[in-house]
There are 2 protein chains.
Amino acid sequence: MIRIFIADDHMVVRRGLKQILLEEFPSAHIEEGADAEILLKKVMKEEWDVIITDLSMPGRSGMEALQQIKLHYPKLPVLVLSGHPEEQYAIRVLKAGASGYLNKESAPEELVKAVHRVLLGKKYITPSIADQLILGLDKDNEKLPHEYLSDREFEVFKLISSGKSVSDIATQMSLSVTTVSTYRARILEKMNMKTNAQLTIYSIENKLL
Amino acid sequence: MIRIFIADDHMVVRRGLKQILLEEFPSAHIEEGADAEILLKKVMKEEWDVIITDLSMPGRSGMEALQQIKLHYPKLPVLVLSGHPEEQYAIRVLKAGASGYLNKESAPEELVKAVHRVLLGKKYITPSIADQLILGLDKDNEKLPHEYLSDREFEVFKLISSGKSVSDIATQMSLSVTTVSTYRARILEKMNMKTNAQLTIYSIENKLL
DNA sequence: GTTTAATGTAGTATTTGTACTACACAAAGG
DNA sequence: CCTTTGTGTAGTACAAATACTACATTAAAC
């Protein structure tokens, strides 16, 4: 009998997952919890074959939970489910030891396939994530994106993130507006982003702001 | 036989909702769609007893869909489901004609109760939202800055916060760029801010993003 | 029940920002 | 050594955004 634990703060999501899984594994024993706390407690106390967890949950995040689990039970497979289509986190999650990274939009079959693979002790990687992995192979991705910026770029990055206008920055740094704009373009390119807002959000998330 | 239409971009959520509803209304006819487009098409073409829709969906937002529906079928009850725990949007959504505002975290029983009430042509208001409504009644009870924004302003506010460009917003809302820019100016004025980045930061802090 | 303030909308003129291109110089790689 | 590659810098031509102004329509206040 397969024992699956589901952690997600949204009731409906838990229901949906359970439903999808039960259709494929009618005899599975499935339990659920609403946050990372419960997840960790359950993992410590009982034995499971697969953990399926959301990334964004109240309190301790899914990422932290994942790290905890991997620390104590490196062989317990964890499938991470994310609400955001962005595969930004995917690589980090996988590096942290997750057996797969899935999106909530993805088809149920995808989930089922992932669980099957994971039960065999294998990893489940979607094609789009595989692409990213290959792209990032030779780069050492210990580094955060902003760590690749040059000195000048980083300065401009901080100022733009905090909402300064390009012309203000130009004045402040005694540069031409176009120069600052060029830096901005290089920053966005290097960080693989498109808007200033993304920079702001990034800065907040990484406690740079 | 009850006819329910579910609109949500996350497959798992649709599954969960369907499951919960079928347990209570085994004979219900339930269909689903992944975005506002499909929702609107379905509403136009067929008859439904209840619509359950998410707020944040790709493309046209749930809010817009709600307004469209209410314009053409004022009596068709729409239950709005939101991923954000904060009831920030609740009041706006209800004002726009929704019959209820639910959170994805809420218990299935809550959803079921809501559907029951809504089928009777009544509104479903959770206690916490009721509180907010009462608070809003007498004067400006410590309202948050963004609550002073008008509907249009609020829409633009969200889009700007998330990093959309003024011209993109104009296209999306079928308005002139200058109009959107005017809204932006009014938003900044009302919220006593100066830059888009501040709006982004505010949105993150207040869990609107 | 009229005056006033708020809301939804846009045009014109101007300011601000960007893409593209360019170049010098330093560092790195072969 | 030479030759890429990365960095710091800016001009020109074009695109995007804004300030200001304006007006019709509601909603609110008196």
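Numbers restart at 1 for each chain; the letters A, B, ... are given by sequence-line order, proteins then strands. No experiment lies behind these values; they were computed from the predicted model shown. Worth knowing before you read on, the calculation uses all heavy atoms, side chains too, and leaves out hydrogens, waters and symmetry mates.
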Checklist line | Check: B:Y148 main-chain N/O paired with B:K190 side-chain donor or acceptor under 3.5 Å | finding: yes
Margin query: Measure CD1/A:I169 against C1'/D:dG8 and give the value in whole Å, please.
Written below: 16 Å
Margin query: By nearest atom, which of the nucleotides D:dT9, C:dG8, D:dT7 is closest to the A:R152 side chain?
Written below: D:dT9
Note to self: Looking only at the side chains, is there a donor atom on one of B:E23 and B:Q19 sitting less than 3.5 Å from an acceptor on the other?
What the structure shows: yes
Notebook entry, point to check: Between C:dT18 and A:K194, is there an OP1 or OP2 to side-chain N/O distance shorter than 4.0 Å?
Noted result: no
Checklist line | Euclidean distance, atom NZ of residue A:K190 to atom C1' of D:dT5 [Å, nearest integer] | finding: 11 Å
Notebook entry, point to check: Within this structure, what is the CD-to-P distance between B:E153 and C:dA6, rounded to whole angstrom?
Noted result: 11 Å
Could I get a table of every N or O pair under 3.5 Å where one atom is in the protein and the other is in nucleotides 17-21 of chain D?
residue, atom, partner, partner atom, Å
D:dA17, OP2, B:S167, N, 3.0
D:dA17, OP2, B:S167, OG, 2.6
D:dT18, OP1, B:R184, NE, 3.0
D:dT18, OP1, B:R184, NH1, 2.7
D:dT18, OP1, B:R184, NH2, 3.1
D:dT18, OP2, B:S181, OG, 3.2

Margin query: What's A:S150 touching, base or sugar-phosphate or nothing? Going by heavy atoms closer than 4.0 Å.
Written below: sugar-phosphate
Check: Is there a side-chain polar atom (N or O) of A:Y183 under 4.0 Å from OP1 or OP2 of D:dT9?
Finding: yes
Checklist line | Reported OG-to-CG distance for the pair A:S99 and A:L119, which is rounded to 0.5 angstrom | finding: 10.0 Å
Item checked: Any A:T179 side-chain N or O less than 4.0 Å from OP1/OP2 of D:dA10 -> yes
Note to self: What is the distance, to the nearest angstrom, from the CD1 atom on A:I187 to the C1' atom on C:dA19?
What the structure shows: 16 Å
Notebook entry, point to check: Do B:K113 and B:E110 sit within salt-bridge range, that is, some charged N less than 4.0 Å from a carboxylate O?
Noted result: no
Next item on the list: Check the angle between the aromatic planes of B:Y202 and B:F157 and answer parallel, tilted or perpendicular using the 30° and 60° thresholds.
Entry: perpendicular
Next item on the list: For B:K194, enumerate each residue passing the side-chain contact (heavy atoms from CB on, under 4.5 Å) test, keeping only those at least two apart in sequence or located in another chain.
Entry: B:Q198
Margin query: Tell me the interatomic distance from A:E189, atom CD, to C:dA19, atom P, rounded to whole angstroms.
Written below: 11 Å
Next item on the list: Rounded off to whole Å, could you give me the NZ-to-C1' distance for the B:K95 and D:dA27 pair?
Entry: 12 Å
Check: Would you say the side-chain atoms of A:T200 pair up with the backbone N or O of A:S161, donor to acceptor, closer than 3.5 Å?
Finding: yes
Notebook entry, point to check: Rounding to a whole Å, what distance do you find between B:Y148:OH and C:dA5:P?
Noted result: 18 Å
Notebook entry, point to check: Roughly, in whole Å, what's the span from NZ in A:K164 to P in C:dT16?
Noted result: 16 Å
